[in-house]
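Each residue takes its place number in the sequence, starting with 1. In each ligand, atom 1 is the first atom listed, and ligand 1 is the first ligand listed. Bear in mind that the values here come from a model prediction, so they are computed numbers and not experimental data.
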Amino acid sequence: MATNLIDSLNARHGLDGALSFHEKAPGIAVAHVRAGGAEAEISLYGAQLLSLKVGGAPDLLYLSSRSLFAPGKAIRGGVPVCWPWFGPRSDRPDLPVHGFVRTAQWDFESAQTLPEGMRISLATSSTPETKALWPHDFRLRLEITIGRRARLDLVMSNPGAEAYSATCAFHPYFRVGDVSGVSVLGMEGTVFADRLPGGGEATQGGAVRIDSLTDRLYACPGVKRILDPRLGREIVTAQEGFPSTVVWNPWEEKARAMPDMGEGEYRSMICVEPARVGGDACLLEPGQSLRLGFGFWSE
Ligand code: TA6
């Protein structure tokens, strides 16, 4: 990335001590935010929140030590934005898993200082290249609010002449001390689909625990509490407009087959993802917009 982009971002949007930009790797511009008692890093590539530290506590997010920071490759960790589809496309297996905006260069729109911290807005929109993958006009804005409580708002719009339908999710990698000791509360009694081969439907008994490869879609829109005794904290999540929640951990064997996941690091993460998939897809008529929200914090 030409340093003139970094220089331009710092000149136009830099705020001494609160907001600065640097190049994390060629083509990967990152905003460094200090606001509201928190410190965060946001990659403009993929509009991906990479890190969120509050006070002196460990990062709330996991970022793989082997993550690839290279245009065209997804960043392993933080909060990827999965849009305009979640997961693989069964009808088009040639298309990238989780859509194409997590590997797009987003534009930095604005930074707004707030009582609770700072709101960063990033945007991306359809191009001939995206329309070759997905034949619709679109505009996306991601508003990331940094403070003791983080919040992400995805605002999708349809500037085109035809309706479009999109599935989506935020795919947060929460950092934990040891996933085998973690309990996730808030999904008790809800139905889930086991997304592993041969998986069926079941009802969640007590807390969700992880002791093997786990990939489940819960019909559960409510608040979740990720209890982490090793780090002595609870990560609380809240979602608006996301009727489902995906819980994922690759566990040992699948993680070892992932070149961008550090050795043994599967034990340091759990994904609890607000999702809008299947029959809950977002249907936008021409001229319509839709805002979906996701918040998380540590208690
Ligand atoms: O959210 C769960 C999931 O869909 C899993 O099936 C697994 O594919 C995971 O996302 C990671 O996907 P990625 O494309 O980032 O490797």
Side-chain angles (χ1 to χ4, degrees), residues 28 43 45-50 61-104 133-134 152 154 166-176 179 182 184 187 192-201 204 208 210 212-221 224 226 235 237 239 242-263 265-278 280-281 292 294 296:
I28 311 291
S43 169
Y45 172 72
Q48 198 154 331
L49 179 59
L50 303 178
L61 297 172
Y62 160 79
L63 186 64
S64 171
S65 59
R66 291 182 185 160
S67 185
L68 303 171
F69 290 97
K73 299 289 187 185
I75 298 171
R76 178 73 61 193
V79 186
V81 180
C82 304
W83 195 93
W85 60 82
F86 176 79
R89 281 277 303 271
S90 53
D91 61 328
R92 287 285 308 274
D94 58 307
L95 293 179
V97 174
H98 292 329
F100 48 74
V101 299
R102 66 172 177 166
T103 52
L133 301 174
W134 191 65
L152 292 84
L154 185 67
T167 60
C168 57
F170 285 119
H171 197 300
Y173 287 73
F174 293 113
R175 176 176 298 278
V176 296
V179 73
V182 165
V184 183
M187 290 177 272
F192 68 87
D194 185 339
R195 301 176 73 234
L196 299 177
E201 272 201 5
Q204 181 63 36
V208 176
I210 306 288
S212 60
L213 168 61
T214 304
D215 194 347
R216 297 176 181 174
L217 174 66
Y218 286 84
C220 182
K224 316 293 183 311
I226 304 168
I235 296 177
T237 73
Q239 54 205 69
F242 289 106
S244 303
T245 302
V246 173
V247 176
W248 179 68
N249 182 282
W251 208 249
E252 185 172 13
E253 185 179 348
K254 186 175 175 70
R256 188 170 291 126
M258 295 158 65
D260 61 351
M261 193 145 198
E263 178 67 31
E265 292 179 2
Y266 70 94
R267 304 192 72 91
S268 302
M269 49 73 58
I270 185 170
C271 294
V272 179
E273 311 157 28
R276 188 143 175 180
V277 297
D280 293 323
L292 304 177
F294 175 55
F296 63 92

Over 60° means perpendicular and under 30° means parallel, so tell me whether Phe174 and Phe296 are parallel, tilted or perpendicular. perpendicular

Does any N/O atom on Lys254 come nearer than 3.5 Å to any N/O atom on ligand 1? no

At less than 4.0 angstrom from any non-hydrogen atom of Arg76, what atoms of ligand 1 do you find? 11 (C), 13 (P), 15 (O), 16 (O)

min-distance protein heavy atom vs atom 8 (O) of ligand 1 -> His98 NE2, 4.5 Å

Could you give the distance from CG (Leu63) to CD (Glu265), rounded to the nearest 0.5 Å? 9.0 Å

Does only the side chain of Arg195 get under 4.0 Å from ligand 1, or the backbone, or both, or neither? Count heavy atoms. side chain

Could you tell me if Arg276 sits above the aromatic ring of Phe242, with its cationic atom closer than 6.0 Å to the ring centre and no more than 45 degrees from the axis? no

min-distance protein heavy atom vs atom 6 (O) of ligand 1 -> Asp215 OD2, 2.6 Å

Determine the sole option in Gln239, Glu273, Arg216 for which the side chain to side chain donor-acceptor pair (under 3.5 Å) test with Thr245 is passed. Gln239

Among the heavy atoms of Arg102, does any lie under 4.0 Å from an atom of ligand 1? yes

How are the rings of Trp134 and Phe100 set to each other: parallel, tilted or perpendicular (split at 30° and 60°)? tilted

